[in-house]
Structures are given as C-alpha cells and as structure tokens.
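Proteins come first, then strands; the chains are lettered A, B, ... in the order of their sequence lines, and each starts at number 1. What's counted below: heavy atoms across the whole structure, side chains too, no hydrogens, waters or symmetry copies.
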2 protein chains.
Amino acid sequence: MASRSYGQYCGVTTAVELIGERWALLIVRDLLVGPRRYTDLKQGLPRIPTNILSTRLKELQESGVVRRVPLMHCGLVYELTDYGRMLEPIVLALGRWGFQAMGDPGADDVVTADSLTMALRTAFQPDVAAALPTLHCEVHVGDVVLRVLVDDGVLRIWQLAPAGRPVDPRDAAPRPVAEPELVFAAGPGIRRLISGELTPGAAIDSGVLHVVSGDATLLDRFADLFHIDESLTPSLAA
Amino acid sequence: MASRSYGQYCGVTTAVELIGERWALLIVRDLLVGPRRYTDLKQGLPRIPTNILSTRLKELQESGVVRRVPLMHCGLVYELTDYGRMLEPIVLALGRWGFQAMGDPGADDVVTADSLTMALRTAFQPDVAAALPTLHCEVHVGDVVLRVLVDDGVLRIWQLAPAGRPVDPRDAAPRPVAEPELVFAAGPGIRRLISGELTPGAAIDSGVLHVVSGDATLLDRFADLFHIDESLTPSLAA
DNA sequence: CCGGATCCGAATCGATACTG
DNA sequence: CAGTATCGATTCGGATCCGG
C-alpha cells in the first residue's frame, strides 16, 4: 500500500524512499568497502535483527542499489551496483557531517572494521597526501586491525584478520608484504586525534593511543593525512 | 533507552541517528529553502502526521540541526542552524541521485513549492550558467509558481503565491519587478525535460509543457541550465 | 488560523528461536 | 551459511481536540 509513501514527486523523496529505511544506509556503507556475505553484514552490524537485514537486502535489490552474486566456490555475496556505488561521495560526506556531532562513545558502542575503514576514507585528505611521502602503517582499534597505505596521493586499506580467524578468501587483493613503518593501537578516542583536539603527542600522553612499534614521529604524518576540520563545510568533491 | 541506537561509534551512524528518522530529511530539505512556520511545513509535507512533525522538530532542535525562532510580529519559525545548513550539498546530491530512480509520478503524488525549488537547485548547472546570458522565467507546475532568475552564473528562485493567497510576509527578499522573458507551465513530466529524455520542442509537442507567454526559444536555455545527466556520478562539489 | 497535544489502530522493528 | 518464523515492544499514521 502507498500509505507509507511520502506522496511527493521529488528526487530527494525518492532517494529517501530507496535508502532511508532504518539500517539501509549502514548496509550501503559496509558494502562500499567491498562485497560482503550475509554473515559478514550481520557481524558488521551487530545489532541488526536478522529479519531486518534480509528485508533490507531484498528492498535494496529491488531498487537496483544492491546485487546478489553467487560465488563460484561456495555461498554468495552482496555487492553494490554501479548505481549504488554512486552513493559513495554522499556517504562519505554524511560521515564527515556526523563526525562533528559524535560525542564520546556509548558504553556498548563498537567500532567495526568496515565502519573504521569508511571513517578513514571519510577523513582522508587527498591534497595533503599528494604533497607528502608514502605512509604505511597498521592501526589497531579494539580487535580491528587495518593496514593503511598512502602512496602517491592514493589511499588503500586492507582489513587484517584480528586473531585466529583466517583471512577472508574473497579478499583477493594483493596484500602488502612489506612491514609497516608504524604500528599503533588506539581506542575510540582516536576521534580526538582526527578532529585535531589532540596532537599525536597529547594522544599518547593521555593514553588514547600507544605506539606498538615503528617510528612514532610518523603519527604526525598520519594526523595530517586523516583530518576532519570541525568547522569545515562538508566538501563533497567526488 | 539505547535499544534504538545502532550501537556503533562512527560518523555515518551518528549522522543517520540525527537525520535518518522518517520525514526528518524532508523537513531539512524544506528548511533549506528558507525559514518555515509549523503550518508551512505541514502544508509542504502534506502526508506528515502532525505529531510526527512536532516530534521531529523537537529532535532536530536537540541535535542542533534546527532552531526555533520567535517572530517579532507574530508566531515563530523554524530555521536551520549553521550545522544544519551544512547538509545542503548532501541533500542536493541525494536529490540528483534519487532523480535518476524517479519513475512516473504516482496517482496522488504532489509537487510542492519547496520540493520543486530544491529540485531546480539540484539540477542547476553553474558552469553552464556562467557562460550563458541572463534568464528570467516563470515556471508553473500544478499550482506552484516559481520565478527563476539566472544571472551571472547565480541562481535565485522566488516562490509566488499561487492564487488568492497573499505573499508570505517573511519573504522579504526583493522580488523581481521586471516581467519574466518566458512563462511556461508543465506537469510532473518536466522531469523528462531535465533528464534530457525530451527536447523542449518534444516536450511541447507531447503536451508535457506549454508556453504561456514570452520567447519559447528560451526553453532551450532553460534545458541547458537545468539538467541532470542520468549516467553522471553525483558530483558533490559544494 | 497558528502551534501543537492526545488517542488509537496499523504497520514496523527488535529479539529470539528455528530451519534447509 | 543464509536466511524464516514468531511475537511482544515501538513507532507511525490518521483523526480529533485544544488553548491562544
């Protein structure tokens, strides 16, 4: 029934009808990192009820935002269509906008691999990167481990298996063989480093962050490369 | 209770918690056109239940997106804060994205003044405008009347009172005194003109659009100025 | 008319359990 | 692994009502 329609003939309204339902945009966010299985999505969205996940995936397929792709070996993955991938700059801009309203983490808030990956993409400063030498580092937040490579102005992020879990087979991209120049661990307070509230030094001193190995001075470069200025209008340059 | 929280510490999640509830982004869309009274919003969102409107306005105020401003003479208006206004490029980008998925209008879909105003902003091509002479025209869709002025690469839109209704007093901006060079009326099918599916000539021939007065050849300029390329990645340049 | 508040049935969401 | 089924808790939608 059309009772749940907004009843307007308008682009914004249509967009909201496609991706405005609860959880939908978070599913898109995770799929922007890469194709994901049903179970991956469920893990990356720990509080999503499974029936809602399945409903949303069905709706997103009907809207042409998501596609269901059977895997040759086993199982299947969901991935964004070209149309769905067009949401990337919008999701990144929303991430920057929301970043400024993030308070301190709630008691049971988690940081997932996909959300942290997108957060780093959100905060990435391509112009700065173009003018800076390569940076290869490893970031630990909770039990999420990310390998971050900034080279020639381009950002690449790999998700490393946290503990005993084997590396995801679908992640066929060549992994960085070289050792990272810097490995550091942080809590959610890493947000204060990215916002500029804390300098790398202050972050270490306050216990928000600690260097596991490598050259600690590279943290300055990291802070320059990943930064969200609180008062900046959310640039949406694709 | 935090049961309705998404349970993630992430910018996108925070954004969705602020403006992801039903109707919230449409309220923001209308407020991007200008400050609005409670009753204006209710009229511009014909299907919104009044309790939902009041709840959303309260939530948006708590989030610092919307502000409630008492008017000197009478009544009060809601307006976006600076933080709320930062959503403009995001809403415009969403409008472009959703535009491509708009089918034909539903039987009871309406076109409101604010949604059409934002749709034109969404479709506006500043680069084209910079290279083209001034255009001053009047657009009728349903009983919405918009005066559109493109001058020196800048777009300005005034909403004209459709019928007997007096002009809104808060709309203190200087209105265009000169007569428009072109007045035309269209149905929702104007979407096909903006998407490029129809040329101005074809739009007239198919009855989607008809010129009320003025120079019909200016429709070509209009179509150049307001265009959404279906296959274009949604540029978010602020 | 403006700016809501209240009430109630319908639809959705959240949590858990269960299945091919 | 990839979902369905079920059921109580919330929210939404529609209508009415109310004080200025």
Side-chain angles (χ1 to χ4, degrees), chain A residues 1-8 13 16-17 19-27 30-31 35-61 66-79 108 165-166 168-170, chain B residues 1-8 16-17 19-27 30-31 35-61 66-79 108 161 164-170:
Chain A
M1 58 210 69
S3 141
R4 227 170 136 68
S5 151
Y6 292 100
Q8 301 189 356
T13 305
V16 170
E17 279 175 350
I19 51 157
E21 294 296 301
R22 215 168 147 65
W23 292 105
L25 205 62
L26 299 185
I27 294 173
D30 283 11
L31 291 180
R36 290 289 180 264
R37 307 163 173 269
Y38 188 89
T39 319
D40 298 329
L41 290 168
K42 200 166 60 168
Q43 284 226 356
L45 275 3
R47 315 250 296 229
I48 196 175
T50 124
N51 54 344
I52 297 295
L53 176 55
S54 116
T55 303
R56 289 296 170 268
L57 286 171
K58 248 172 276 175
E59 293 163 352
L60 290 170
Q61 283 171 79
V66 163
R67 184 173 30 222
R68 193 181 201 260
V69 181
L71 244 42
M72 55 245 93
H73 292 300
C74 58
L76 57 111
V77 292
Y78 295 90
E79 67 179 20
D108 46 2
R165 267 197 16 214
D168 199 314
R170 98 191 96 74
Chain B
M1 59 211 70
S3 142
R4 225 172 138 68
S5 151
Y6 292 99
Q8 300 190 355
V16 170
E17 279 175 350
I19 51 157
E21 293 297 301
R22 211 166 151 68
W23 292 104
L25 207 62
L26 299 184
I27 295 174
D30 283 9
L31 291 180
R36 290 291 182 262
R37 309 164 169 269
Y38 188 90
T39 319
D40 299 329
L41 290 169
K42 201 167 59 170
Q43 284 226 354
L45 276 2
R47 315 251 296 230
I48 195 174
T50 130
N51 56 342
I52 298 293
L53 176 56
S54 115
T55 302
R56 290 294 169 270
L57 286 171
K58 249 171 278 176
E59 293 163 352
L60 290 170
Q61 283 170 78
V66 163
R67 184 174 29 221
R68 192 182 202 259
V69 181
L71 243 42
M72 57 244 91
H73 291 300
C74 57
L76 56 111
V77 292
Y78 295 89
E79 66 178 21
D108 46 2
R165 265 194 19 208
V167 165
D168 198 313
R170 95 191 100 73

Under 3.5 Å donor-acceptor, [X] side chain and [Y] backbone:
X: A:R36; Y: A:K42; value: no
X: B:Y38; Y: B:L76; value: no
X: B:Q43; Y: B:T39; value: no

Can you figure out which of [options] approaches the side chain of [X] most closely?
X: A:R4; options: C:dG4, D:dG3, D:dC12; result: D:dC12
X: B:E21; options: D:dC12, D:dG3, C:dC13; result: D:dC12
X: B:R68; options: D:dG3, C:dG3, C:dC13; result: C:dG3
X: B:T50; options: D:dT4, D:dT16, C:dG14; result: D:dT16
X: B:R22; options: D:dG13, D:dG3, C:dG4; result: D:dG13

The answer to which of B:T39 and B:K58 contacts DNA chain C further toward the 5' end, by nearest nucleotide, is B:T39
Please tell me which of B:K42 and A:P49 maps to the more 5' nucleotide of DNA chain C, matching each residue to the nucleotide holding its nearest heavy atom.
B:K42
Below 4.0 angstrom from OP1 or OP2 of [N], is there any side-chain N or O of [X]?
X: A:Y78; N: D:dG3; value: yes
X: A:W23; N: C:dG14; value: yes
X: B:R37; N: C:dC1; value: no

What is the separation between atom [atom1] on [X] and atom [atom2] on [N], rounded to the nearest whole Å?
X: B:Y38; N: D:dG20; atom1: OH; atom2: P; result: 18 Å
X: B:I52; N: C:dA10; atom1: CD1; atom2: P; result: 17 Å
X: A:D40; N: D:dG3; atom1: CG; atom2: P; result: 12 Å
X: A:I27; N: D:dG3; atom1: CD1; atom2: C1'; result: 14 Å
X: A:L53; N: C:dC13; atom1: CG; atom2: P; result: 13 Å
X: A:L45; N: C:dC13; atom1: CG; atom2: P; result: 14 Å
X: B:L26; N: D:dG13; atom1: CG; atom2: P; result: 11 Å
X: B:R47; N: C:dA11; atom1: CZ; atom2: P; result: 14 Å

On the 0 to 90° scale, with breaks at 30° and 60°, tag the A:W23-B:Y6 ring pair as parallel, tilted or perpendicular.
perpendicular
Could you check whether B:L76 gets within reach of a base, just the sugar-phosphate, or nothing at all, counting any heavy atom under 4.0 Å?
sugar-phosphate
Answer with yes or no whether B:N51 presents, from its side chain, a donor or acceptor under 3.5 Å of a partner atom in the base of D:dG14.
yes
Go nucleotide by nucleotide along DNA chain D from the 5' end; which of A:Y6 and A:G75 gets its closest nucleotide reached first?
A:G75
The single option from B:R67, B:R37, B:Q61 passing side-chain contact (heavy atoms from CB on, under 4.5 Å) against B:Y78
B:Q61
Any side-chain heavy-atom pair of A:E79 and A:R68 under 4.5 Å
no
